[in-house]
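See structure below.
As a basis for the values below, the full set of heavy atoms in this structure was taken, side chains included, without hydrogen atoms, waters or symmetry mates.
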Number of protein chains: 2
Amino acid sequence: MGRKRLQESADVRPTVHTVAARAGVSIASASRVLNGVGGSPETVRKVREAAAEVGYVPNAIARSLQSQRTELIALAVEDIGNPVYVEMMRAIEAVVASSGRQLLVHATGGRIDNETALLRRLANRYVDGMIVSPIRVTADHLTALQDSPVPVVVVGQLAADAPVDNVRTDSRRGIAMAVDHLVATGRRRIGFVNGPLDTVPGAARDAGFRAALAAHGIALDENLIEIGDFQYAAGRDATERLLARAEPDALVCANDLIAAGALHTLLARGRRVPIDVALVGMDDTELARMMFPQLSSVSLGSAERGRRAAELLLQRIADPSLPPRRASVEPSLAVRASSAQAQVPAQPSREEVTS
Amino acid sequence: MGRKRLQESADVRPTVHTVAARAGVSIASASRVLNGVGGSPETVRKVREAAAEVGYVPNAIARSLQSQRTELIALAVEDIGNPVYVEMMRAIEAVVASSGRQLLVHATGGRIDNETALLRRLANRYVDGMIVSPIRVTADHLTALQDSPVPVVVVGQLAADAPVDNVRTDSRRGIAMAVDHLVATGRRRIGFVNGPLDTVPGAARDAGFRAALAAHGIALDENLIEIGDFQYAAGRDATERLLARAEPDALVCANDLIAAGALHTLLARGRRVPIDVALVGMDDTELARMMFPQLSSVSLGSAERGRRAAELLLQRIADPSLPPRRASVEPSLAVRASSAQAQVPAQPSREEVTS
DNA sequence: CAAACTCCCGGAAACGTTTACAGCTACCGG
DNA sequence: CCGGTAGCTGTAAACGTTTCCGGGAGTTTG
């Protein structure tokens, strides 16, 4: 027998040993039957019966230790309240699930320590791979990423030579598309509400905005630029500050949350959208379509980026020797009521409506 | 030595054996030092050095197999796009993190098979405990819950005798608060946009609405009731259908997503909110405050419920012999612009505004 | 009828860690 | 000077699974 303990007492979870003993076969046979590989009809019957009787359910931890796989994929995003990540997550989840794996989401809250802690955790092999979408990337962040023992795919801009699988989009170009559209519809005093400049997306959008204005020969008015963080409340407050010192005829926002906040302030301050002020958000999330009027928004292909990231990750898990790869998704502009040249005013021009 | 393989080749992750061999001590000593328990100064130095040199990081799977703990908590919700779960998740995450554990989120997509599959997965001991917020609860769902080998806390209504830890709120009472408020502000033709009646929250809200109307002696007009699912688009469409056949002066919605959809349809159909139609949502999420006008909403204390659930779970993990417990959170009503008796019209009465 | 082949089975090793236990050294007190 | 004790160390077992390998039985083939 070799095994001292052979308890069948009810308060202890049954193991394959329990099942094997009850069926009168070896653990090897029991394991084979339970995995559906081999076994004579008689053995199969006995093992199945025994397993059902004791309510056996395999211990995934032990299995993982043996197989060196957990069939789990982690997604780390900084703010799970941002609908853009929800859409990305859904796309990733679809790919991951179709490979028989399970997706786990972890919110880092943007705290960088939290993210490196997470990387260390995953170095512990709790997951088979990870997709991470950092908004700030420091040097040791990067080294932590690239010598992760577990495959990692980064969604977002990364240094060109970083040897890490990477799915990106061109948010500078995205901002330019918004500006082009606004200029084409006759707007000239175009404001910009951005997130922090020390974040990767914040910096890219800022550069994109300045370049786009310059391309149209429009002088930059710093009074028309405001910075908050990437949240709704910040968008509302930033727009409040902006309106206090300037009178834009259009507003570009660094994401849809900010744009939603901007819309709120504009309406509360009696501006008609789009008559007085046109508004364009970014990420083209569900939220943009929830607003009234619906928001024009630059799509950065979040679902597509998620899908591609998941595919890259699965490929790398299948073959870790692959060279680092990079995928790009093109931005596109969804024009909706908030920036259309409306024929009919959508709201009255009434000052200081209470919200 | 006993151990055949003792590779130090670079392409294999170092184990405690690698470290021990390099430091010239036994694996027991190495393990002890790495866990900071015992060891002579000399041994400690050698092991620390060796570990640093080979970049040792412990394998959490193996550790979990031994310790029977993973330090992971799972949260399963059906729709991660619903902001109510985001708020709940943030509250849970705070509690879980403060206990040194990590929270993993899993979206079940409401598919019941997915949820039981998840329960089976967690029966596999991948997590130390789980918080689940199911919207449909079947019989075998319940049995799966109650003989889960891992502690489970359910957020939501459950049969009274179900021996499962449970945090609930009184959504019937919540709906009643909304109706009371609307009646008090002079509304009489109160419509209701609900989710599916075969869900637990849908059924409770329906019962609450009917009871509340009856309490006020208002006859129920079935034309004023519409059902979709708990999503934004469904709320929009359901309100469309409702407006096609009735003219409510107020609308109660089963959650804020539905309310956001209802607002969209109301505005697009030229109804002024709150002048013509007052609107009250439910869950009091961020989304309610993002709308313009801001939505009144019945808070079901989602953050509080999350916090309580996490606490119950941690307690049960600490002492699995605890009897099943139940916590309740009282609903409350946040009155905002969408149902205030506004003095100033917030929108013009213009028909068929395009959105 | 012997040899080869196919299946099935059980023993045992392996995954990487923690830890109970026993042995050793060195020191202290009597 | 000797017994006891404290502190450290190493051996080995254990967590629960999968899987390699060798042996045995039964079947087919030459």
message = Holding to side chain to side chain contact (heavy atoms under 4.5 Å, CB included), I want the full list of residues that pass it with B/Ala309, two or more places apart in sequence or in another chain.
response =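 Counting only residues at least two positions away or on another chain, B/Ala309 forms a side chain to side chain contact (heavy atoms under 4.5 Å, CB included) with B/Ile131, B/Val153, B/Val155, B/Val167.
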
ask   = Of all residues at least two apart in sequence or in a different chain, which pass the side chain to side chain contact (heavy atoms under 4.5 Å, CB included) check with A/Glu311?
value =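 Here the qualifying residues are A/Val95, A/Arg307, A/Arg308, A/Gln315.
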
Quick one: [X] [atom1] to [N] [atom2], roughly how many Å, whole number?
X	N	atom1	atom2	value
B/Arg69	C/dT19	CZ	C1'	14 Å
A/Tyr126	C/dG16	OH	C1'	13 Å
B/His17	C/dC15	NE2	P	8 Å
B/Gln66	C/dC15	CD	P	16 Å
B/Gln68	C/dT17	CD	C1'	12 Å
B/Tyr56	C/dT17	OH	C1'	7 Å
B/Asn59	D/dC15	CG	C1'	13 Å
A/Leu65	D/dA14	CG	P	17 Å

task = Give a yes/no answer on whether the side chain of B/Thr15 brings an N or O atom under 4.0 Å of OP1 or OP2 in C/dG16.
result =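 No, outside the criterion.
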
Contact residues, residues 27-39 of chain A to DNA chain D [heavy atom, < 4.0 Å] =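 Within this stretch, A/Ile27, A/Ala28, A/Ser31, A/Arg32, A/Asn35 sit under 4.0 Å of the strand.
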
request  = Just jot down the side chain to side chain donor-acceptor pair (under 3.5 Å) partners of A/Ser98, sequence neighbours excluded, or say none.
outcome  =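 Counting only residues at least two positions away or on another chain, A/Ser98 forms no side chain to side chain donor-acceptor pair (under 3.5 Å).
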
query = B/Ser40 or A/Ser67: which one's nearest nucleotide on DNA chain D is closer to the 5' end?
reply =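 Result of the comparison: B/Ser40.
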
request  = Using the closest heavy atom to pick a nucleotide of DNA chain D for each, name whichever of B/Pro41 or A/Val16 lands nearer the 5' end.
outcome  =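 That would be B/Pro41.
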
request  = Walk me through it: do A/Ile317 and A/Arg101 pass the test side chain to side chain contact (heavy atoms under 4.5 Å, CB included)?
outcome  = CA-CA 12 Å; A/Ile317 289 173; A/Arg101 276 168 260 246; 3.9 Å; yes

Side-chain donor-acceptor pairs of residues 29-40 of chain B under 3.5 Å, sequence neighbours excluded:
unit_1	atom_1	unit_2	atom_2	d
B/Ser29	OG	B/Ser26	OG	3.4
B/Ser40	OG	B/Thr43	N	3.2
B/Ser40	OG	B/Thr43	OG1	2.7

inquiry  = Test: salt bridge (charged side-chain N to carboxylate O under 4.0 Å, His left out). Region: residues 149-166 of chain A. Which pairs qualify, not counting sequence neighbours?
reply    =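 Those involving residues 149-166 of chain A are A/Asp165-A/Arg316, A/Asp165-A/Arg325.
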
message = Could you check whether B/Glu42 pairs with B/Arg45 (Lys NZ or Arg NE/NH1/NH2 to Asp/Glu carboxylate O, under 4.0 Å)?
response =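 So B/Glu42 pairs with B/Arg45 through a salt bridge.
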
